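Structure first, commentary second.
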Amino acid sequence: FAENKAELNVGENLKKTTGLMAVNGGYLSNSGNINIKSAESNGLVIMDNSSGYNSADIKMEGDSSLGIYNLGDFTMDSGEITLTGKQSVGFYSSTALGTTNIKDSKIDLQSSGVNLFLTNNALVNLENVSLGVGSGGLLAYTYPNKTTKVSSGHINIIGSSEARIGSDGTAFYLRGN
């Protein structure tokens with residue numbers, strides 16, 4: 001069990017850093033803001049058979065970064081995930097075994113990239129969520145299952161949610177073969 005209530009700041013000129021990670025059945029709880037200025041980095045990582053909770057803001061400033069990487073169970077019931085770097089991903093999930101609930105929150109990519117990236121039958125429940133992508137970005141992308149070759153991510157929108165899509169952006173991209 002790891003619990004963070006403090007503000008976490010990771011400086012510039014670094015690569016591949018991670019704010020918090022849950023592995024091997026671990027559980028992480030974050031209520032402290034996370035600010036990461038390094039490229040190719042992750043805010044929160046939840047691996048197989050692990051779980052996580054977030055109620056704070058996560059700000060990622062480096063290119064090719066990822067706000068939340070989830071392969072387990074994840075809940076977010078407040079806070080904002082903001083990514084300013086190019087080719088970043090707001091939220092990634094690749095599992096049908098875990099449960100993901102995001103409500104009363106905001107995920108905003110201010111540049112190009114993918115807001116929600118889902119594969120392998122991942123299901124994300126969104127309730128009263130604001131999603132945004134900048135110019136040339138994708139709001140939601142689902143990748144095909146390796147066996148069936150059918151687009152396999154699932155988004156369940158509950159209540160009123162809103163989306164902002166920049167110029168030349170795409171709302172939903174469901175990829176087949």
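On a predicted model such as this, the values are computed, not experimentally measured, just so you know.
- When side chains are defined from C-beta on, Glu3 does not count as touching Tyr27, because their heavy atoms never get closer than 4.5 Å.
- One hydrophobic cluster, built from ILVMFWY side chains closer than 4.5 Å, cannot hold both Leu66 and Leu139; they sit in different ones.
- For Asn49, the CG atom sits in a loose shell: 12 or fewer heavy atoms of surrounding residues, nucleotides or ligands are nearer than 6.0 Å.
- Contact detail for Leu118 and Gly153: the closest heavy-atom pair is CB-CA, 3.7 Å.
- Distance check: Lys106 NZ to Asp57 CG gives 10.0 Å after rounding to the nearest 0.5 Å.
- Both Ile58 and Leu8 belong to a single network of hydrophobic side chains, linked directly or stepwise wherever heavy atoms of I, L, V, M, F, W or Y lie under 4.5 Å apart.
- For the pair Ala6 and Asn4, the tightest heavy-atom approach, listed with the atom from each and the gap, is O-ND2, 3.0 Å.
- Considering all non-hydrogen atoms of both residues, Glu61 and Thr84 come closest at CA-OG1, 3.2 Å.
- Rounding to the nearest 0.5 angstrom, the gap separating the CG atom in Leu83 from the OG atom in Ser111 is 10.0 Å.
- Across all their heavy atoms, Ser31 and Ala56 have their closest contact at C-CB, 3.5 Å.
- Hydrophobic clustering, with ILVMFWY side chains joined whenever heavy atoms are under 4.5 angstrom apart, groups Val133 together with Phe172.
- One N or O on the side chain of Ser135 and one on the backbone of Ser167 form a donor-acceptor pair closer than 3.5 Å.
- Counting only heavy atoms from C-beta outward, the side chains of Asn35 and Glu7 approach each other to under 4.5 Å.
- Using a 4.5 Å heavy-atom threshold, the side chains of Phe91 and Ile81 count as separate.
- Contact annotation: the side chain of Asp63 never approaches that of Gln87 to less than 4.5 Å [non-hydrogen atoms, C-beta and beyond].
- Here the closest non-hydrogen pair linking Leu131 and Asn115 is CD2-OD1, 3.6 Å.
- In the hydrophobic cluster analysis, where Ile, Leu, Val, Met, Phe, Trp and Tyr join through side-chain heavy atoms closer than 4.5 angstrom, Ile36 is grouped apart from Met21.
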> Between Ser55 and Ser78, is a side chain to side chain donor-acceptor pair (under 3.5 Å) present by the stated rule, with each step listed?
Replying inline: CA-CA 5 Å; Ser55 62; Ser78 65; 4.6 Å; no

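- Of the inter-residue distances, the one linking Leu44 atom CG with Ile68 atom CD1 reads 4.0 Å to the nearest 0.5 angstrom.
- Taking 4.5 Å as the limit, every side-chain heavy atom of Asn70 sits out of range of all side-chain heavy atoms of Val124.
- Taking CG of Asn33 as the reference point, atom NZ of Lys59 lies at 11.0 Å (rounded to 0.5 Å).
- Within the 4.5 Å cutoff, the side chain of Ser93 has no heavy atoms near those of the Leu71 side chain.
- By the 4.5 Å heavy-atom criterion applied to side chains, Arg164 and Asp108 are counted as neighbours.
- In the hydrophobic clustering of this structure, Leu126 does not group with Tyr92; members are Ile, Leu, Val, Met, Phe, Trp, Tyr whose side-chain heavy atoms approach within less than 4.5 Å, directly or through other members.
- Ring geometry, Phe117 versus Tyr141: the interplanar angle exceeds 60°, so the pair is classed perpendicular (tilted spans 30 to 60°).
- Heavy atoms only, all atoms of each residue included: Gly98 and Asp73 are closest at CA-OD1, 3.1 Å.
- Judged by distance alone, with hydrogens and angles left aside, the side-chain atoms of Asn128 form no donor-acceptor pair with the main-chain N or O of Ser161 at under 3.5 Å.
- Counting only distance, with no hydrogens or angles, the side chain of Ser65 and the backbone of Ser41 share a donor-acceptor pair below 3.5 Å.
- Atom NE2 of residue His154 and atom OG1 of residue Thr142 lie 8.5 Å apart, to the nearest 0.5 angstrom.
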>> Working note: Val89 + Tyr69, criterion side-chain contact (heavy atoms from CB on, under 4.5 Å); need CA distance, chi angles, decisive distance, verdict.
In response: CA-CA 9 Å; Val89 175; Tyr69 179 89; over 6 Å; no

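- Here the straight-line distance linking atom NZ of Lys86 with atom OG of Ser112 works out to 7.0 Å at 0.5 Å rounding.
- Asn54 is not listed as a side-chain neighbour of Ile34, based on a closest heavy-atom distance of 4.5 Å or more.
- In this model, a donor atom of one side chain and an acceptor atom of the other lie less than 3.5 Å apart for Asp77 and Tyr53.
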